[in-house]
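A short write-up of the structure that comes next.
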Amino acid sequence: MSNDVDHFLNIARLGIDAEAFLQTPIGKHLKEKAQTELDVAINELVDADPDDVKANREIRNRIHVVGMFLKWMDEAITAGNEAHRQLRDIEDRSRFSE
Amino acid sequence: MGKKVEAPEVEVSDTTKAEMIDPNATMVDLDVENPSEPEQQVDDVRAAIYAKHAEKRQEEITGQAATDELPEDEITVKVNGKELKVPREKVDAAGGVVAYQKNAAASELLNQASAEARRVKEEAEALERRRRELDEREQRFTQAQLVTAQKPAPPVSDDAQKALARQYHDAMLDGDIDKADELLLQISAAQKATAVNPDEIASIAVKRAREELTAEERRKQAEKFEAERLEAVAEFPTKYKDLSSNDIARDLVDDQTKRIYREHPDWGAKAIIDEAAKRVRELIKSVAPTTASEKVDAKRNLTQIRAGSARSVNRPPPKPQTGSEYVSSLRHQRGLPT
């Protein structure tokens with residue numbers, strides 16, 4: 001049980017760090033930049049020649065990179081919140097079992 | 001015919017000698033012939049004398065008879081040189097003209113003497129009144145001088161003194177003695193007021209010197225008191241450590257110093273502070289518990305935990321922080337919504 005608690009605590013700490021990072025000026029800047037880059041790449045992809053595989057591949061790579069950053073950040077925050085919920089569940093189960 | 005000549009009257013004034021005025025009684029018949037010779041010689045001489053004054057006397061008698069004809073019951077009597085018309089009855093009652101004249105003369109002289117005596121008495125009384133008035137005036141003058149000597153009058157200017165002198169002369173010329181006396185007193189007082197009094201100047205100088213000495217002594221006493229006070233305040237923390245370490249006790253000592261200074265203004269600063277500290281200590285002792293049981297009760301009622309004490313309050317151990325609580329606190333610390 002204590003391993004689970006520690007595990008969840010670590011995840012929760014990580015999520016808190018990620019959420020806190022995005023609140024910092026550098027985090028806000030990166031998030032905004034990534035969002036902008038994503039929008040531009042999607043537009044380029046829409047406008048690209050469908051037969052130009054290379055161009056399409058490059059645009060998609062750019063979209064993936066930006067997407068991955070945003071996705072990882074979001075996943076960390078979500079995992080942290082989930083870990084927080086899990087900890088409450090564990091505590092509730094242990095309280096009722098006493 | 002024998003010529004009857006009335007014997008002239010011989011007036012003897014201011015004497016009680018009788019005067020034969022009755023013409024009937026004085027008729028002498030000079031024409032009677034063959035009188036006796038010696039008597040005839042005397043009669044001749046007498047007649048000559050009578051004749052000498054006869055005319056004059058006739059005029060007098062004639063004039064008197066013309067103006068006032070005497071009634072037959074009144075006769076003229078000369079008393080002390082004055083002719084009086086007296087009823088014959090009175091003359092007869094007095095015993096004759098001579099006797100009447102004597103009595104009347106005596107009465108008149110007596111009246112004159114009485115009048116003179118009365119006049120002398122009145123003059124003596126007037127003199128006595130005058131003497132009393134003068135005495136009273138002198139007494140008033142003396143008293144007025146004493147009063148002006150006790151009340152020093154303010155200095156009077158030269159013009160004012162000249163005016164007073166002029167008024168004094170006017171009063172003397174008018175004969176107003178009372179006013180003149182008053183003015184004389186005023187002039188005398190004015191002269192005394194303006195005069196320089198060396199004794200007064202000396203007394204003023206002595207008074208000023210004494211005041212200056214007193215002020216100097218007071219200043220020195222104040223300096224001495226202040227120096228002593230500073231010294232006592234400096235040694236208070238060491239001398240009364242128990243009182244100086246407590247603010248309330250120190251304030252109590254301050255209040256007591258003020259009260260003691262009012263009670264004993266002649267005490268020195270050190271004595272006042274020592275007395276104040278003593279009183280505060282006694283006050284503290286009076287309210288603090290003294291008996292053993294009182295001390296034990298006081299300790300039992302203590303709620304503070306003292307260091308090194310065996311007794312301690314049983315408190316439940318602090319509850320360990322759960323994981324979720326830790327995460328919540330961490331989120332709160334990082335400014336994230338919880």
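To find a chain, count down the sequence lines: A is the first, B the second, and so on, and within it residues start at 1.
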Given 3.5 Å as the limit, does a donor-acceptor pair link the side chain of A:N56 with the main chain of A:P50, or not? yes
Distance-only, no hydrogens or angles: does the A:E75 side chain make a donor-acceptor pair with backbone N or O of A:W72 under 3.5 Å? no
Bottom line for A:D17: the part with an atom under 4.5 Å from chain B's heavy atoms is both
Contact part of A:Q86 toward chain B, heavy-atom cut-off under 4.5 Å: side chain, backbone, both or neither? neither
With a 4.5 Å heavy-atom cut-off, do B:E275 and B:H264 have their side chains touching? no
Is it true that a side-chain atom of A:D49 and a backbone atom of A:D51 form a donor plus acceptor pair closer than 3.5 Å? yes
In terms of heavy-atom pairs under 4.5 Å with chain B, the winner among A:H84, A:R13, A:R88, A:Q23 is A:H84
Is A:E91 close to chain B through its backbone or its side chain, or both, or neither, when contacts mean heavy atoms under 4.5 Å? side chain
When rounded to the nearest 0.5 Å, the distance separating OG1 of B:T214 from CD of B:E212 is 10.0 Å
A:L9 portion near chain B, given a 4.5 angstrom heavy-atom threshold: side chain
